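Worth saying up front: this structure is predicted, and the values here are computed from it rather than measured. Throughout, residue positions are numbered sequentially from 1 according to the sequence presented.
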Amino acid sequence: MNQTENESLSCNACKTNDVFDEFTGIVKSIQAKNGTKLMALQEAQIKFGYLDKDAMNIIARVFQTTTSEIYSIASFYAQFKFVKQGKYRISLCLGTACYVRGAANIQRKLEEVLQLKMGETSKDGKFTLGSARCVGCCGLAPVMLINEKVYPAVKPDQVPNIINEYKE
């Protein structure tokens, strides 16, 4: 790790020094128990909801490696997000079965209703619109998930009502 990476570890993702110190302690504990960098990345994802550059800097410092190496590990896995996610993460399955059964129409309706494109988060932080290649529910296609809740056999005209369930 170079001098610049090691000097400035103020944590924008953490917001406060207490959370910064707590996360550093968690990473040190993982490393001390012969845990992996991947395990530390998973903890960061859980704690902050995404992998902020500063969280990756902390992991790199504790594991005595570069932030580039940490990023290369994280970018390999689809589970990691590099931008803050909305309170409600919408994942539309675009696997073969879902696509053949109309997922593209669902996507257009979601984008219209939410005024978002795939990969974007609403300005109010409520919704993030994303996709998945397969969620393992091919017999229920097309499938949409909002956080962990599965919506099977979705039709475009159902989208506004589904989204309204999550508006507060």
Is there a continuous path of hydrophobic side-chain contacts, each under 4.5 Å between heavy atoms, that joins [X] to [Y]?
X: Leu129; Y: Tyr50; value: no
X: Val159; Y: Leu140; value: no
X: Val27; Y: Tyr77; value: yes
X: Val143; Y: Val113; value: no
X: Phe76; Y: Leu38; value: yes

Residue [X] excluded, over 12 heavy atoms near [atom1] under 6.0 Å:
X: Asn34; atom1: CG; value: no
X: Glu165; atom1: CD; value: yes
X: Lys47; atom1: NZ; value: yes

Note, Lys37 side chain near Ile70 side chain (heavy atom, < 4.5 Å):
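A side-chain contact under 4.5 Å exists here.
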Does a side-chain heavy-atom distance below 4.5 Å link Gln42 with Gln45?
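The answer is no; the side chains never approach within 4.5 Å.
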With rounding to the nearest 0.5 Å, note down the distance linking [atom1] in [X] to [atom2] in [Y].
X: Asp21; Y: Ile26; atom1: CG; atom2: CD1; result: 11.0 Å
X: Thr36; Y: Ile73; atom1: OG1; atom2: CD1; result: 8.0 Å
X: Ile59; Y: Thr67; atom1: CD1; atom2: OG1; result: 9.5 Å
X: Ser122; Y: Gln115; atom1: OG; atom2: CD; result: 11.5 Å
X: Leu41; Y: Ser75; atom1: CG; atom2: OG; result: 10.0 Å
X: Phe48; Y: Glu43; atom1: CZ; atom2: CD; result: 10.0 Å

[X] side chain vs [Y] backbone, donor-acceptor pair below 3.5 Å:
X: Glu120; Y: Lys117; answer: yes
X: Thr65; Y: Glu69; answer: no
X: Gln158; Y: Lys155; answer: yes

Salt bridge check: are Glu112 and Lys109 linked by an N-O gap of less than 4.0 Å?
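Salt bridge: yes.
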Does the side chain to side chain contact (heavy atoms under 4.5 Å, CB included) test come out yes or no for Leu92 and Leu110, once each step is laid out?
CA-CA 9 Å; Leu92 176 64; Leu110 281 165; 4.3 Å; yes
Which is it for Val135 and Met144 under the side chain to side chain contact (heavy atoms under 4.5 Å, CB included) test, yes or no, and what are the steps along the way?
CA-CA 9 Å; Val135 296; Met144 178 173 77; over 6 Å; no
So which pairs with a foot in residues 87-126 pass ring pair (Phe, Tyr, Trp, His ring centres under 6.0 Å), sequence neighbours left out?
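Listed by first then second residue: Tyr88-Phe127, Tyr88-Tyr166.
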One pair to check against side chain to side chain contact (heavy atoms under 4.5 Å, CB included): Arg89 and Ile146. What are the steps and the verdict?
CA-CA 5 Å; Arg89 294 167 314 283; Ile146 300 183; over 6 Å; no
Before you tell me yes or no, could you show the steps for Thr121 and Lys84 under side chain to side chain contact (heavy atoms under 4.5 Å, CB included), namely the whole-Å CA-CA distance, both residues' side-chain angles and the distance that decides it to 0.1 Å?
CA-CA 8 Å; Thr121 297; Lys84 190 168 181 159; over 6 Å; no
Just one of Leu114, Asn147, Thr128, Leu145 clears the side-chain contact (heavy atoms from CB on, under 4.5 Å) bar with Ile90, so which one?
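So, applying the side-chain contact (heavy atoms from CB on, under 4.5 Å) to Ile90 and each of Leu114, Asn147, Thr128, Leu145, only Leu114 qualifies.
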Partner set under salt bridge (charged side-chain N to carboxylate O under 4.0 Å, His left out) for Lys87, not counting sequence neighbours:
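By the salt bridge (charged side-chain N to carboxylate O under 4.0 Å, His left out) rule, Lys87 matches Glu168.
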What are the two closest heavy atoms between [X] and [Y], and how far apart are they?
X: Cys134; Y: Cys93; value: CA-SG, 3.7 Å
X: Cys137; Y: Val150; value: SG-CG1, 4.5 Å
X: Ser91; Y: Ala132; value: OG-CB, 3.5 Å
X: Arg101; Y: Cys138; value: NH1-O, 3.4 Å

Determine whether the aromatic ring centres of Phe82 and Tyr71 lie less than 6.0 Å apart.
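Aromatic pair counts; centres sit under 6.0 Å.
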